[in-house]
Amino acid sequence: MESSILLRPYSSPSLTLLSPPLPHQYKISRNFFNFKSTNLSVKASVNGSNSVVTLLDYGAGNVRSIRNAIRVLGHEIKDVQTPEDILNADRLIFPGVGAFAAAMDFLNQNGMAEALCRYIENDRPFLGICLGLQLLFDSSEEKGTVKGLGLIPGVVGRFDSSHGDRVPHIGWNALQIKKDSEILEDVDGQHVYFVHSYRAMPSNANNEWISSTCNYGVDFIASIKRGNVHAVQFHPEKSGDVGLSILKRFLHSKSSISKRPTQGIASKLAKRVIACLDVRTNDKGDLVVTKGDQYDVREHTKENEVRNLGKPVELARQYYQDGADEVSFLNITAFRDFPLGDFPMLKVLRLASENVFVPLTVGGGIRDFTDANGRHYTSLEVASEYFRSGADKISIGSDAVYAAEEYLRTGVKTGKSSLEQISRVYGNQAVVVSIDPHRVYLKNPEEVEFKAVKITNPGPNGEEYAWYQCTVSGGREGRPIGAFELAKAVEELGAGEILLNCIDCDGQGKGFDIDLIKLISDAVSIPVIASSGAGKPEHFSEVFEKTNASAALAAGIFHRNEVPIQAVKKHLSKEGIEVRTNVATSLTQTVQPSTI
């Protein structure tokens with residue numbers, strides 16, 4: 001992962017590893033680090049309850065998901081607070097997001113780098129996740145050259161987007177298993193979830209560590225194993241039941257788990273199918289999932305009530321069990337209110353993340369605020385609260401439009417916009433920009449200064465062209481910027497993904513706006529999510545076949561049970577489009593009903 005990170009010591013679970021020490025050539029030179037001198041000794045044997053897992057949480061990003069996964073699997077968590085907690089751990093998990101340099105600074109300054117190296121050198125049970133894998137290597141090129149722990153030969157570098165691969169690498173990809181690894185026994189032929197811009201490459205020097213690779217333009221290291229030491233580039237806590245099986249195999253003895261039959265045929269990066277839940281309070285004050293018709297969420301009845309399509313937490317759980325690749329919450333009234341005062345929405349995230357083990361995105365009202373008492377909150381503080389509550393990504397709408405307008409006007413990146421602040425701290429893979437445009441028909445593309453395209457279906461007066469005007473405040477206000485210009489600008493400002501809506505298509509069920517999606521997905525090198533207009537499975541295959549969209553999102557057809565998620569995926573598979581086929585099973589389906 002990338003970007004600088006605000007680090008703070010955080011109560012975290014403990015770590016453990018045991019077995020013979022590593023060969024001499026992989027011993028660590030203590031002069032390699034700026035270690036504080038400490039007298040550390042590794043526990044000679046594993047004591048205590050096997051139900052306790054030590055977690056090294058250095059306070060960056062969404063670690064709630066790994067905590068929830070550990071608890072769902074029946075284990076307690078002990079947080080690392082001192083280097084000795086690492087050395088005394090029975091099993092250690094190190095989940096990492098954010099910046100390589102900031103994480104290494106934290107480990108070195110707190111004396112934990114040396115403890116971590118000793119723990120791993122003594123072959124004690126260790127699982128690194130994402131950045132927790134990358135830090136094991138010699139160095140990273142993320143911010144110049146930054147030294148890592150030096151346990152595995154190799155340099156962590158950035159994916160090359162110049163050959164057409166979108167960076168960050170976001171989504172469900174396949175593994176190529178290179179050697180036996182007990183934690184990967186249920187993974188062959190299945191997709192797992194990746195979200196990163198940097199990767200370590202295989203070489204003769206590190207080949208004996210590699211347990212699997214993944215292809216994204218090039219073959220990169222997806223997981224390593226040596227003795228009891230494991231690390232993965234993907235996120236098992238976000239990889240559904242397959243990911244939970246990886247965690248379960250790490251946490252339990254080999255003899256206690258039978259191998260599940262694998263039926264997957266995963267071979268490459270899958271197209272994602274995302275379920276979106278528009279959430280707002282109704283006139284009675286209850287938090288409900290609703291759905292608009294061209295952004296109008298009220299019933300056309302005498303009562304004019306907010307359209308109520310269900311409870312957000314229950315629907316999120318259902319979509320996860322049905323095979324949704326991601327779940328997105330959009331708080332559609334947050335632009336009017338103070339989001340940190342929106343406790344029900346934060347509670348929705350916390351409860352959903354307890355049983356939904358695929359990525360969760362939340363959007364709505366993420367910007368700077370001043371409350372009634374004059375206390376100022378930055379957009380970074382607002383986003384941080386969402387991340388702590390269980391969000392993996394946040395979606396920025398109106399505030400990104402204003403930031404892009406200012407950037408295009410001045411040519412200066414101030415670093416002060418919500419988009420820049422959050423992507424700098426949490427990495428651009430954690431920031432989605434939601435674009436809400438509507439068509440403005442033209443007879444001649446030269447009529448406007450914005451990018452116009454020839455449209456498939458002529459306008460009401462036979463117009464052959466259109467430009468896509470962006471809006472803010474839930475589509476209520478048009479802005480002097482086009483979708484093309486906005487997309488290019490927010491990519492430069494730090495967006496890692498674009499959620500591309502279309503007001504004209506919203507709720508119509510006639511298909512995605514292919515002209516718009518092709519325009520934007522061809523213009524940027526970050527992933528684009530197609531949204532607005534899905535009415536049947538064929539609309540999904542059309543958008544994937546005719547554009548470079550990485551994912552497609554729908555809401556109403558799922559809420560009203562008009563088209564099940566699995567029907568969409570079966571259709572896509574039939575059309576030769578790779579999708580993730582594994583769905584939630586017994587590991588996660590025993591949950592209590594939610595009141596929200």
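Since the structure is predicted, the reported quantities are computational estimates derived from the model, not experimental observations.
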Does one side chain, of [X] or [Y], offer a donor that lies under 3.5 Å from an acceptor on the other?
| X | Y | answer |
| --- | --- | --- |
| Thr361 | Ser395 | no |
| Glu497 | Gln429 | no |
| His75 | Ser51 | no |

Quick check: does any side chain N or O of [X] sit under 3.5 Å from a backbone N or O of [Y], one acting as donor and the other as acceptor?
| X | Y | answer |
| --- | --- | --- |
| Asn108 | Met104 | yes |
| Tyr216 | Arg166 | yes |
| Ser223 | Ser212 | yes |
| Asn206 | Gly154 | no |

Is it true that [X] and [Y] have a side-chain N and a carboxylate O under 4.0 angstrom from each other?
| X | Y | value |
| --- | --- | --- |
| Arg118 | Glu114 | yes |
| Arg580 | Glu326 | no |
| Glu208 | Arg226 | yes |
| Glu385 | Arg388 | yes |
| Arg67 | Asp57 | yes |
| Glu185 | Arg249 | yes |
| Asp138 | Lys147 | no |

Inset, instruction - Please name all residues satisfying ring pair (Phe, Tyr, Trp, His ring centres under 6.0 Å) with Phe329, sequence neighbours left out, ordered by chain then number. - result: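 Applying ring pair (Phe, Tyr, Trp, His ring centres under 6.0 Å) to Phe329 gives none.
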Legend entry - Mutual orientation of the aromatic rings belonging to Phe387 and Tyr426 [parallel < 30°, tilted 30-60°, perpendicular > 60°]: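 Ring orientation, 0 to 90° scale: tilted.
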Legend entry - Lys268, NZ atom: more than 12 neighbouring heavy atoms under 6.0 Å: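 Counting neighbours around NZ of Lys268, 12 or fewer heavy atoms of other residues, nucleotides or ligands fall under 6.0 Å, so no.
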